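Owing to the predicted nature of the structure, the values given are computational and were not obtained by experimental measurement. Hydrogens, waters and symmetry mates are skipped; everything else that's a heavy atom, side chains included, is used.
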Amino acid sequence: MTAFVRNQWYVAAYGREIGRELFARTILGESLVFYRTTSGRVVALADRCVHRRYPLSESRLEGDTIVCGYHGFTYDQGGTCVFVPGQARIPRTARVASYPVVEQDSFVWVWIGDHDRADPSSIPRAPWLDDPAYTSVSGMEPLAARYQLLVDNLMDLSHETYLHGGYIGTPEVANTPITTEVDEDRGIVYVSRHMADAECPLFYAESTGIEGRITRWQDIEYHPPCLYLLHSRIAPVGVLPNADGSDPDGFHVEIVYAITPETENSTHDFWAVARDFALGDQEVSDFLAENNRTVVMQDVVALNLLEKVIATEPEGYQELSINIDTGGLAARRILTRMAEAGAAPARPSEAVPS
């Protein structure tokens, strides 16, 4: 059984997805309905009328209230019923659950857990997605597999060589050793792979215009359970950052995944690619959007297949792990600890990736 971490912020949607139409999404097995008020604030409520369970997402907005499409029970932004048909008295229990919501870095985050523990400063950051110094493309793909399989996939990028050859994978990715660090206090896993002389994959050759071999850095920063950041640096061979840390001759791509469990065996796979070059070039944006979605779909096909395999394997089956799995194994340990404790790791609000 998949262990959820409930006292945690999760990405429910991109901000662009939620407007004045009722929007349904299931998160951690809970059906939610989202909408924007007339002032623009996002509201999240349980997607089930307290009367006869009719989905509120199949109902209608009237001002900033939802009118149930079955019997007319009407709910305000906090989930309190403000109208019951046929009687003046509103039952005290006539309310649906509401959920804390925060908009940040182009995402709509929702808190699934105890309201008194919902600290917005603990939301991990992906600031490039709202930064005018970057141009971003993004999307979301449904995954018919448990979220831990996506975490495993993203923490071990050696699979790029074999699963994503012709797009982002080259032989050097699998053949270059990694370094892994775990910040136990903040609950963050870091995995780095620096390639000094590598083939330039199509994904970067077409977007940057680099010809020939490259220096390629992949620095992973995983904030369990919900946010994965891949800081990617690409430059011609031998071109390194300056001693002061500036890097005018490098191309920088920030790849972001928001990992949101839908059910025990399905996941919302949000992805985004932000770049600090060719900012106004729509052809580059279109290329990166199409190619990254292709890569994501290759992962989706593989992970959906793995979910089916896991469902049929005998109890007690033991998998094999090797050096490339150190980051993924560290992530598993943290996720298990978080699920058992029912708590999120401490994340100081000032700790924002630069």
Side-chain angles (χ1 to χ4, degrees), residues 11 13-17 105-107 126-143 150 153-154 157-174 176 193-195 197-221 227-237 239 241 247-259 268-303 353:
V11 170
Y14 290 103
R16 63 177 182 262
E17 293 185 271
D105 301 331
S106 84
F107 291 131
W128 318 278
L129 303 186
D130 268 343
D131 188 339
Y134 285 79
T135 294
S136 302
V137 296
S138 58
M140 193 279 281
E141 300 300 332
L143 180 64
L150 181 55
N153 171 277
L154 295 172
L157 295 181
S158 68
H159 78 274
E160 289 183 351
T161 299
Y162 306 99
L163 190 60
H164 305 309
Y167 292 93
I168 59 174
T170 68
E172 295 81 10
V173 180
T176 301
R193 178 183 277 107
H194 287 189
M195 295 159 272
D197 186 348
E199 177 185 338
C200 188
L202 177 69
F203 190 82
Y204 292 123
E206 289 291 327
S207 59
T208 67
I210 293 179
E211 298 180 357
R213 297 180 70 80
I214 59 172
T215 295
R216 183 180 181 185
W217 293 0
Q218 295 176 321
D219 293 300
I220 295 169
E221 180 182 336
L227 194 70
Y228 169 97
L229 311 173
L230 172 59
H231 312 295
S232 183
R233 179 189 183 272
I234 309 96
V237 167
V239 176
D247 193 20
D249 299 315
F251 297 82
H252 305 92
V253 177
E254 302 291 345
I255 298 175
V256 178
Y257 282 86
I259 304 165
H268 303 299
D269 182 358
F270 295 90
W271 59 267
V273 179
R275 68 183 189 274
D276 68 353
F277 56 91
L279 300 183
D281 193 323
Q282 188 59 44
E283 288 188 6
V284 172
S285 292
D286 292 343
F287 172 82
L288 290 176
E290 178 183 355
N291 277 260
N292 201 72
R293 184 178 184 276
T294 297
V295 168
V296 169
M297 291 307 301
Q298 289 173 332
D299 284 334
V300 166
V301 170
L303 298 181

Minimum heavy-atom distance between [X] and [Y], given as atom pair plus value:
| X | Y | result |
| --- | --- | --- |
| L288 | S207 | CD2-CB, 3.8 Å |
| A274 | L129 | CB-CD2, 4.2 Å |
| P201 | G169 | CB-N, 4.5 Å |
| P127 | D105 | CA-OD1, 3.6 Å |
| V237 | I214 | CG2-N, 3.5 Å |
| E172 | D197 | CG-O, 3.8 Å |

Please check this pair: side chain of [X] against backbone of [Y], looking for a donor-acceptor N/O pair closer than 3.5 Å.
| X | Y | answer |
| --- | --- | --- |
| D130 | S106 | yes |
| D131 | A133 | yes |
| T135 | L279 | yes |
| E17 | Y14 | yes |
| R216 | C200 | no |
| Y257 | L227 | no |

Verdict with supporting geometry, L157 and I220, side chain to side chain contact (heavy atoms under 4.5 Å, CB included): CA-CA 9 Å; L157 295 181; I220 295 169; 3.9 Å; yes

salt_bridge(R233, E254) N-O dist < 4.0 Å: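 No, this pair does not count.
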
Test: R293 and E141 ion pair at under 4.0 Å: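 A salt bridge links R293 with E141.
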
Parallel, tilted or perpendicular: ring planes of W217 versus H194, cut at 30 and 60 degrees: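 Parallel.
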
Test side chain to side chain contact (heavy atoms under 4.5 Å, CB included) applied to Y204 and V253, step by step: CA-CA 10 Å; Y204 292 123; V253 177; 3.8 Å; yes

Set of residues satisfying side chain to side chain donor-acceptor pair (under 3.5 Å) with respect to N292, sequence neighbours excluded: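 Scan of N292 (side chain to side chain donor-acceptor pair (under 3.5 Å), adjacent residues dropped) gives none.
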
Verdict with reasoning, L150 to L303, per side chain to side chain contact (heavy atoms under 4.5 Å, CB included): CA-CA 7 Å; L150 181 55; L303 298 181; 4.0 Å; yes

Close side-chain approach of [X] and [Y], heavy atoms under 4.5 Å:
| X | Y | answer |
| --- | --- | --- |
| W271 | V137 | yes |
| V173 | Q218 | yes |
| Y228 | V256 | no |
| V296 | D269 | yes |

Proximity of Y167 and F203 rings by center, below 6.0 Å: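 Distance test on ring centres: not under 6.0 Å, no.
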
Check against side chain to side chain contact (heavy atoms under 4.5 Å, CB included), V284 and E206: CA-CA 8 Å; V284 172; E206 289 291 327; over 6 Å; no

Nearest-0.5 Å distance that lies between atom [atom1] in [X] and atom [atom2] in [Y]:
| X | Y | atom1 | atom2 | answer |
| --- | --- | --- | --- | --- |
| L202 | H164 | CG | NE2 | 14.0 Å |
| M195 | T215 | CE | OG1 | 10.0 Å |
| D299 | N153 | CG | CG | 4.0 Å |

S138 vs R16, side-chain hydrogen bond (donor to acceptor under 3.5 Å, both in side chains): CA-CA, chis, key distance, verdict: CA-CA 11 Å; S138 58; R16 63 177 182 262; 3.0 Å; yes

Selection residues 273-289 - residue pairs positive for side chain to side chain donor-acceptor pair (under 3.5 Å), sequence neighbours left out: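 Listed once each, the pairs are H252-D276, R275-S285, Q282-D286.
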
